[in-house]
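Here the structure is laid out as C-alpha cells; the discussion comes afterwards.
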Amino acid sequence: MFGHKLFRAVRASGLATSLQCSAQRRHLSIHEYLSMDLLEKYGVNIPKGAVAKSPEEAFQVAKSLNVEDLVVKAQVLAGGRGKGYFDSGLQGGVKVVYSPEEVKELAKGMIGSKLITKQTGSAGRICNSVYVVERKWIRKEYYFAITMDRTVQGPVIIASSQGGMDIEQVAHENPSAIVTLPIDINKGLVQADAEKVAVQLGFRGKGITQAADIFQNLYKLFIEKDANLVEINPLAELANGDGIFHQIKLALEINVIACMDAKIGFDDNADFRQKDIFELRDVTQEDQREVAAAEYHLNYIGLSGSIG
C-alpha cells in the first residue's frame, strides 16, 4: 500500500517516530499522469506531456511535443517501474527515446502487457496506457512530500536534498538529510516556513522563493483535495539551456524548478465530497477482492499464504 515506505523512512531517520500508517485502511491512489494534471491545475511547473492508450496515440503525442528527447512511462500503480520488466519481454517501465517512432515501438511492448516490479510481485499489473513527456535536463534532484502525522493531528512536510532515489535508503544511510516540518492546520503553510524548508534543502537566491511557492501550492492541493499523501520525487532544479544565456541564469541564480514525478493518495472517507477525484480510480490496478468489498463499503485486506 502506498505510504508505507515514506513512514518507514521517517521512523528510520529518528526525526518523527510517531508517524504510523494503518495497514487496515484503504486509500485511493491515481496514475502519475493524473497526478501531474492536478499539479498543473495548482500552478506547479511540470514537463509537457500527455497520456496515450494505444501505440498510434503515443506516436501522435510524441509528434505534438515537437522535441527530440522524450520519456515514455508505463502507467502502472507500483513503485520501481524503471527497474521492472514486462511479460512481453520488454525491460524497464520508464524509457528515454529520441523519436516518435521509438515511442510507438515502446508503447507496443508496454500497453496491454503486465509490468512486474518489486512491489507488484510475480503477478504484475496490467499497463493500459503510457505517459509521454518531454525530457528535461536536471541539475539537482530533491525529495518533497506532505502526509499526515497522527501525533500533531495534522500535516507534516518530509523533504530531502537527496531526491531521485529511494527515500527509505536516504533515511537509513544519511538521516541528517531528512527535513521535517509539522504544519499548523489552522494557519496553513505560511511563506516563512515554506522558505525555511527551501533553505534547509539547499535552494539559494531566487530558487528559495520558487521552491516555497511550489511547497505552498502543493499544500493547497493537499488540503483542498483531501489528500493524505502528496509525494514529489524528484523535485528538480533544471539545467536546460546552454551558452552565455545559461551562464547568466546560473550567475543570477534563476534556475527553473519543476516536479518531475508525482504520487498522490486520497482519504477514502472523503469520496462523498471529492467525487471528481474518485472517478479517476483505476480498479484494474487494485486487488479485485478489495474492489468488490468497497462496493458494499467494507474494508477487505487480501493476504498471502493459507490457513490449515
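- Considering CH2 of W137 and CG of D69, their distance stands at 5.0 Å, rounded to 0.5 Å.
- With hydrogens and angles ignored, the 3.5 Å screen pairs no side-chain donor or acceptor of Q274 with any backbone N or O of A270.
- To the nearest 0.5 Å, atom OH of residue Y219 and atom OH of residue Y42 are 12.5 Å apart.
- What you find for A171 and P175 is that their closest heavy atoms are O-CG, 3.2 Å.
- E237 pairs in a side-chain hydrogen bond (donor to acceptor under 3.5 Å, both in side chains) with only one of the listed residues (K140, R139, Q210), which is R139.
- Within the 4.5 Å cutoff, no side-chain heavy atoms of V51 are placed close to those of D37.
- With hydrogens and angles disregarded, no donor-acceptor distance shorter than 3.5 Å links the side chain of K187 to the backbone of I183.
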Margin query: Test side chain to side chain contact (heavy atoms under 4.5 Å, CB included) on V130 and V61; report intermediate values, then the result.
Written below: CA-CA 10 Å; V130 294; V61 168; over 6 Å; no

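- Residue F215 is grouped with residue M36 when hydrophobic side chains (ILVMFWY) are merged at heavy-atom distances under 4.5 angstrom, including chains of intermediate members.
- Remark: R281 engages D268 in a salt bridge, criterion side-chain N to carboxylate O under 4.0 Å.
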| task | Dump the intermediate steps for side chain to side chain contact (heavy atoms under 4.5 Å, CB included) on R125 and L115, then the final yes or no. | result | CA-CA 5 Å; R125 284 185 183 164; L115 179 65; 5.9 Å; no

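- Across all their heavy atoms, M110 and G92 have their closest contact at CE-O, 3.9 Å.
- In this structure, CG in D193 is found 10.0 Å from CD in Q191, a value given to the nearest 0.5 Å.
- Applying the 6.0 Å contact sphere to CD of E224 captures more than 12 heavy atoms from other residues, nucleotides or ligands.
- Between the side chain of N233 and the backbone N or O of G164, at least one donor-acceptor pair lies under 3.5 Å.
- A single hydrophobic cluster is seen to contain both L221 and I30, as judged by linkage of ILVMFWY side chains at heavy-atom distances under 4.5 Å, directly or through other members.
- V97 places a side-chain heavy atom less than 4.5 Å from the side chain of L106.
- Residues I264 and F278 share a hydrophobic cluster, clusters being chains of Ile/Leu/Val/Met/Phe/Trp/Tyr side chains in contact below 4.5 Å.
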TODO: List the steps and the verdict of side chain to side chain contact (heavy atoms under 4.5 Å, CB included) for L181 and V156.
DONE: CA-CA 6 Å; L181 176 72; V156 61; 5.7 Å; no

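- Using a 4.5 Å cut-off between side-chain heavy atoms of Ile, Leu, Val, Met, Phe, Trp and Tyr, with links allowed through other members, V190 and I208 fall into different hydrophobic clusters.
- Linking ILVMFWY side-chain heavy atoms closer than 4.5 Å, directly or via other members, places V94 and L70 in two distinct hydrophobic clusters.
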**Request:** Please lay out, stage by stage, how F203 and I257 fare under the test side chain to side chain contact (heavy atoms under 4.5 Å, CB included).
**Result:** CA-CA 10 Å; F203 288 101; I257 300 169; 3.4 Å; yes

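- Annotation for A262 and L39: closest pair CB-CD1, 3.7 Å, computed over non-hydrogen atoms.
- Distance alone, capped at 3.5 Å, is enough to place a donor-acceptor pair between the Q75 side chain and the E32 backbone.
- Residues F86 and I111 have side chains not in contact (no heavy-atom distance under 4.5 Å, counting atoms from C-beta outward).
- Counting only distance, with no hydrogens or angles, the side chain of S35 and the backbone of K263 share no donor-acceptor pair below 3.5 Å.
- Looking at H31 and L77, their side chains come closer than 4.5 Å, going by heavy atoms from C-beta outward.
- Pairing each heavy atom of I146 with each of P155, the nearest pair is CG2-CB, 4.1 Å.
- Ring pair Y131/Y33 is tilted by interplanar angle, where 30° to 60° counts as tilted.
- Salt-bridge formation is detected for the pair D261/R81: a Lys NZ or Arg NE/NH1/NH2 atom is positioned less than 4.0 Å from an Asp or Glu carboxylate oxygen.
- In this structure, T117 contributes its side chain and G84 its backbone to no donor-acceptor pair below 3.5 Å.
- One N or O on the side chain of E134 and one on the backbone of K48 form a donor-acceptor pair closer than 3.5 Å.
- Between M260 atom CE and I232 atom CD1 the span is 11.5 Å, to the nearest 0.5 Å.
- Salt bridge status for E105 with K108: present, with a side-chain N to carboxylate O gap under 4.0 Å.
- At least one side-chain heavy atom of V256 sits under 4.5 Å from a side-chain heavy atom of N45.
- Inspection of the N228 and H27 side chains reveals an N or O donor paired with an N or O acceptor under 3.5 Å.
- Within the 4.5 Å cutoff, the side chain of V67 has no heavy atoms near those of the R135 side chain.
- For D87 (side chain) and K114 (main-chain N/O), a donor-acceptor pair under 3.5 Å exists by modelled atom type.
- The neighbour count for D276 CG, taken as heavy atoms of other residues, nucleotides or ligands under 6.0 Å away, is above 12.
- Put simply, OG on S99 and CZ on F59 are 8.5 Å apart, with the number rounded to the nearest 0.5 Å.
- A177 approaches S160 most closely through the heavy-atom pair O-OG, 3.0 Å.
- G109 and S88 make their closest contact through O-OG, 2.8 Å (heavy atoms, listed as atom of the first residue, atom of the second, distance).
- When side chains are defined from C-beta on, Y143 counts as touching E231, because their heavy atoms get closer than 4.5 Å.
- Proximity of V197 to L201: side-chain heavy atoms (C-beta onward) are separated by under 4.5 Å at one or more points.
- Between atom CG of residue L28 and atom CD of residue E279 there is a gap of 11.5 Å, rounded to the nearest 0.5 Å.
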